[in-house]
Amino acid sequence: MTAPESDLTGWAATPFTAAGFTYDVYRKGEGPGVVLIPEMPGLHPGVLALGDHLVDNGFTVAAPSLFGVPGRPVGPSALPVLLKGCVAKEFAAFATNADRPMAHYLRALARDLAAATPGKGVGVIGQCFTGGFALAAAVDDSVLAPVMSQPSLPLPLTPKQRRDPGVSEEELTEVARRAAEEGLCVMGLRFSEDPMSPGARFATLKNQLGDAFEVIEIDSGKGNPGGFSRMAHSVLTDTVREVDGQPAYEARKRVVEFLKSRLT
């Protein structure tokens with residue numbers, strides 16, 4: 001059995017401009033809104049399958065194409081996309097305590113989606129290179145359900161980078177305030193041995209957010225019951241097998257439950 005994949009069938013792309021950036025945003029579905037931020041190398045078939053799964057569960061999904069070619073399978077072309085992303089100022093891939101320009105674009109997209117969809121607000125799912133942007137988006141009060149899946153920025157090359165939450169101190173303070181005063185909850189997902197999404201990052205967030213930070217950490221250590229490689233990384237896409245009890249599949253179920261409980 002392989003991970004679910006999908007294509008661009010039924011997705012409608014329109015440009016969206018905010019914070020000095022313009023990207024095509026692919027939209028599909030009806031119901032409460034979810035901004036689905038792609039992982040590297042873009043809106044590949046695994047990310048599109050996750051989007052279709054959300055649509056099937058009653059959500060309107062808006063997926064911005066921030067890098068790569070939409071619909072293109074993961075392959076050798078992924079490396080140039082990653083290298084380009086690493087040097088792009090809007091992502092600030094190596095910076096700590098960073099207020100990243102892309103966060104402002106995504107907050108505007110979340111507000112736009114909230115205004116166009118039913119429900120109390122929107123969810124935001126970030127993955128890998130974009131995982132921390134779900135947290136940064138939650139500075140805006142339109143975002144009620146931020147989901148950080150294997151957040152990898154800043155790239156964890158030093159102890160300071162591994163501890164860094166992926167947002168600025170001011171952004172994290174505002175998210176913590178919303179958690180304390182408004183009941184905001186944040187979800188984080190990672191594999192236990194994933195060097196690209198270090199446990200120290202989640203420890204920082206748990207220290208700041210406490211019970212408002214729900215962590216799903218899937219065992220990827222030696223001999224783990226799910227059979228995951230020690231290099232397992234993408235919780236919601238290429239490690240999912242649609243079989244009850246499979247840890248990544250159960251994590252995806254919990255994400256849908258979280259979105260429904262916070263948005264409807």
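Just so it is clear, the model here is predicted, and its values are computed rather than measured.
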[X] and [Y]: which non-hydrogen atoms are nearest, and at how many Å?
{"X": "Pro38", "Y": "Leu66", "result": "CG-N, 4.5 Å"}
{"X": "Leu172", "Y": "Pro165", "result": "CD2-CG, 4.0 Å"}
{"X": "Phe191", "Y": "Glu217", "result": "C-CG, 4.5 Å"}
{"X": "Leu36", "Y": "Leu50", "result": "CD1-CD2, 3.8 Å"}
{"X": "Arg162", "Y": "Pro198", "result": "O-CG, 3.5 Å"}
{"X": "Tyr26", "Y": "Ser65", "result": "CE1-CB, 4.1 Å"}

For Glu181, the side-chain hydrogen bond (donor to acceptor under 3.5 Å, both in side chains) test, sequence neighbours excluded, returns Arg177

Taking atom [atom1] as the centre, does [X] end up with more than 12 heavy-atom neighbours from other residues, nucleotides or ligands that are less than 6.0 angstrom away?
{"X": "Glu169", "atom1": "CD", "result": "no"}
{"X": "Asp56", "atom1": "CG", "result": "yes"}
{"X": "Lys253", "atom1": "NZ", "result": "yes"}

Are the side chains of [Y] and [X] in contact, using a 4.5 Å heavy-atom criterion?
{"X": "Gln208", "Y": "Phe213", "answer": "no"}
{"X": "Phe228", "Y": "Pro247", "answer": "yes"}
{"X": "His44", "Y": "Pro70", "answer": "no"}
{"X": "Cys86", "Y": "Met40", "answer": "no"}
{"X": "Ile218", "Y": "Arg190", "answer": "no"}
{"X": "Pro151", "Y": "Phe133", "answer": "no"}
{"X": "Glu170", "Y": "Glu174", "answer": "no"}
{"X": "Val215", "Y": "Met187", "answer": "no"}

Linked, directly or transitively: [X] and [Y] (ILVMFWY side chains, under 4.5 Å):
{"X": "Met102", "Y": "Leu82", "answer": "yes"}
{"X": "Val255", "Y": "Val122", "answer": "no"}
{"X": "Val124", "Y": "Leu263", "answer": "no"}
{"X": "Ile37", "Y": "Val235", "answer": "no"}
{"X": "Leu259", "Y": "Val47", "answer": "yes"}

Donor-acceptor contact below 3.5 Å, side chain [X] vs main chain [Y]:
{"X": "Asn57", "Y": "His53", "value": "yes"}
{"X": "Ser192", "Y": "Ser220", "value": "yes"}
{"X": "Glu250", "Y": "Gln246", "value": "no"}
{"X": "Arg241", "Y": "Met1", "value": "yes"}
{"X": "Lys28", "Y": "Thr9", "value": "yes"}
{"X": "Thr60", "Y": "Gly31", "value": "yes"}
{"X": "Thr158", "Y": "Gln161", "value": "yes"}
{"X": "Arg100", "Y": "Gly166", "value": "yes"}
{"X": "Thr204", "Y": "Arg163", "value": "yes"}
{"X": "Ser261", "Y": "Glu257", "value": "yes"}

Could you check Cys185 against Glu214 for side chain to side chain contact (heavy atoms under 4.5 Å, CB included), going step by step and ending with a plain yes or no?
CA-CA 7 Å; Cys185 290; Glu214 177 181 342; over 6 Å; no

Roughly how far apart are [X] [atom1] and [Y] [atom2], rounded to 0.5 Å?
{"X": "Gln150", "Y": "Leu236", "atom1": "CD", "atom2": "CG", "value": "6.5 Å"}
{"X": "Leu189", "Y": "Phe258", "atom1": "CG", "atom2": "CZ", "value": "9.5 Å"}
{"X": "Cys128", "Y": "Asp194", "atom1": "SG", "atom2": "CG", "value": "8.5 Å"}
{"X": "Leu106", "Y": "Phe21", "atom1": "CG", "atom2": "CZ", "value": "10.0 Å"}
{"X": "Phe129", "Y": "Leu153", "atom1": "CZ", "atom2": "CG", "value": "5.0 Å"}
{"X": "Glu193", "Y": "Ser229", "atom1": "CD", "atom2": "OG", "value": "10.5 Å"}

I would like to know whether Thr130 and Phe67 meet side chain to side chain contact (heavy atoms under 4.5 Å, CB included); could you show each step before the answer?
CA-CA 11 Å; Thr130 66; Phe67 33 71; 3.9 Å; yes

Hey, would you say the Phe16 and Tyr23 ring centroids sit under 6.0 Å apart?
no

Does this structure show an ion pair linking Asp141 with Arg178, if we count only N-O contacts that are shorter than 4.0 Å?
no

Modelled atom types, side-chain donor and acceptor of Ser234 and Gln127, under 3.5 Å:
no

Consider only side-chain N and O atoms of Ser168 and Asn97, and report whether a donor and an acceptor are under 3.5 Å apart.
no

Output all residues satisfying salt bridge (Lys or Arg N to Asp or Glu O under 4.0 Å) with Arg252, sequence neighbours left out; order by chain, then residue number.
Glu242

Side chain to side chain donor-acceptor pair (under 3.5 Å) with Asp140: which of Arg111, His104, Arg107?
Arg111

Val167 vs Asp99, side chain to side chain contact (heavy atoms under 4.5 Å, CB included): CA-CA, chis, key distance, verdict
CA-CA 6 Å; Val167 295; Asp99 182 347; over 6 Å; no

One pair to check against side chain to side chain contact (heavy atoms under 4.5 Å, CB included): Leu184 and Val175. What are the steps and the verdict?
CA-CA 8 Å; Leu184 178 73; Val175 171; 3.9 Å; yes

